[in-house]
Amino acid sequence: MVFAGAMTVEGWGEAVVAATGSQSELGKIARAVADVEPTQTPLQRRLHRFANTLALGMVLLAAVTMVVGLLRGMAAMEVFLAAVALAVSVMPEGLPVIVTVVLSLGVRHMAKRNVLVRKLAAAETLGSVDVICSDKTGTITQNHMTVRTIIGGGFQVAVSPETPVSCPQVSVAEDLTCDVDDLPASEALRGALRIGVYCNNAEYGHDEAGRLVTAGSPTELALLEAAAVLWPEVLHQRADEPPRSEVPFSSARKFMATVQEERGGALALYVKGAPEVVLPRCEHEWDPTSGSATPLR
């Protein structure tokens, strides 16, 4: 059983829906949470304590007033009316209005700082907070990653959000001029993009209406976006050449690998992952000078 709200940490598969809405495990949790009584804000708790203290003091004051009046020989009705009048005068009728006005001023100041407050009491609650814990995804960041620079095989290509490709191409060894359309001509760059695309479980493409449709890890989507800019043909090759076998990425292995069938029936292994895990498994590197693989130094 795969519960709603769960995350797939590796691999892929198909699932059959067995329950939806309130019948799912997540729905049961939602029903349980709905039965929980809402908590009061610090301001509400202080006002509640203040009201209880004021009410207790009012009752005691009224009782003392009646006792003193009766001991002095005043009429019982007169003493009672005096006690009631005294009790009513003690209650601050303008307190709710004053609290509302003060909180409204606080919300106004927060709005000037681009802070949206749905409930007035939240303005005072925020003033009582010492530590704010925030999930950065969707709050501080956009849950979106981009490839900024590709380095390897004697080349360096800058990819920026403003301009898809930064040209001229800058070589690690020397400065070279280039054309944007000629960038994928580098065999080393083609190899790097091919690995990033073939070792990838994200979805990147357009629907029948021409709208971009994406799904998957932000890291893997960033690799597909870079390939779409530098070498779009590799995305079509990936769609036509599904992997023969796959080792999904995991935090323990720190790498992902796929086996692809090349032209002529040969099999190729594509691996992407953490450098400290991938490099010890490599014996050769691409030499842009000779155009072939040389022993890794």
Side-chain angles (χ1 to χ4, degrees), residues 3-7 19-146 161-162 214-215 217-218 221:
F3 300 113
M7 297 182 63
T20 60
S22 61
Q23 301 301 320
S24 64
E25 294 298 321
L26 194 61
K28 295 178 183 178
I29 296 175
R31 291 204 309 269
V33 172
D35 296 335
V36 178
E37 296 183 359
T39 59
Q40 294 183 332
T41 65
L43 176 62
Q44 291 172 331
R45 289 195 294 267
R46 285 197 291 268
L47 289 177
H48 184 69
R49 289 195 300 266
F50 174 74
N52 290 338
T53 303
L54 194 62
L56 179 60
M58 177 190 66
V59 172
L60 294 177
L61 183 60
V64 171
T65 301
M66 291 190 63
V67 171
V68 172
L70 292 175
L71 292 177
R72 298 187 61 177
M74 297 177 63
M77 182 56 66
E78 294 181 0
V79 175
F80 175 75
L81 293 177
V84 172
L86 183 61
V88 171
S89 63
V90 171
M91 295 299 296
E93 296 180 0
L95 181 61
V97 178
I98 295 175
V99 172
T100 302
V101 171
V102 172
L103 292 179
S104 300
L105 292 175
V107 172
R108 180 182 178 183
H109 287 298
M110 295 174 67
K112 292 181 179 180
R113 297 177 177 267
N114 300 322
V115 179
L116 298 179
V117 179
R118 188 175 64 174
K119 296 182 179 180
L120 285 178
E124 189 278 335
T125 303
L126 187 59
S128 303
V129 171
D130 296 323
V131 179
I132 298 178
C133 300
S134 173
D135 178 15
K136 66 178 181 63
T137 304
T139 305
I140 302 176
T141 64
Q142 298 179 348
N143 194 28
H144 182 78
M145 300 180 67
T146 56
E162 296 79 13
T214 61
S217 166
L221 283 174

Working to the nearest 0.5 angstrom, can you tell me the gap between M58 CE and T65 OG1? 11.5 Å
Can you confirm whether more than 12 heavy atoms, excluding those of R45, are under 6.0 Å from its CZ atom? yes
Mind checking the OG1-CG spacing from T100 to L105? Nearest 0.5 Å is all I need. 11.0 Å
Which atoms form the tightest heavy-atom contact between A83 and A62, and what is the distance? CB-O, 3.7 Å
So, taking the atom named CG in L61 and the one named CG in L56, what distance separates them when rounded to the nearest 0.5 Å? 11.0 Å
Go through the structure and list residues passing side chain to side chain contact (heavy atoms under 4.5 Å, CB included) with V117, not counting sequence neighbours. V107, M110, V115, A122
Look up atom CG in L70 and atom CZ in R72, then write down how far apart they are to the nearest 0.5 Å. 12.0 Å
How far apart are the closest heavy atoms of T146 and H144, and which atoms are they? CG2-NE2, 3.6 Å
Sort and list the pairs that fulfil side-chain hydrogen bond (donor to acceptor under 3.5 Å, both in side chains) and have at least one residue in residues 19-31, not counting sequence neighbours. E25-K28
Heavy-atom closest pair, residues V79 and M66: CG1-CA, 3.1 Å
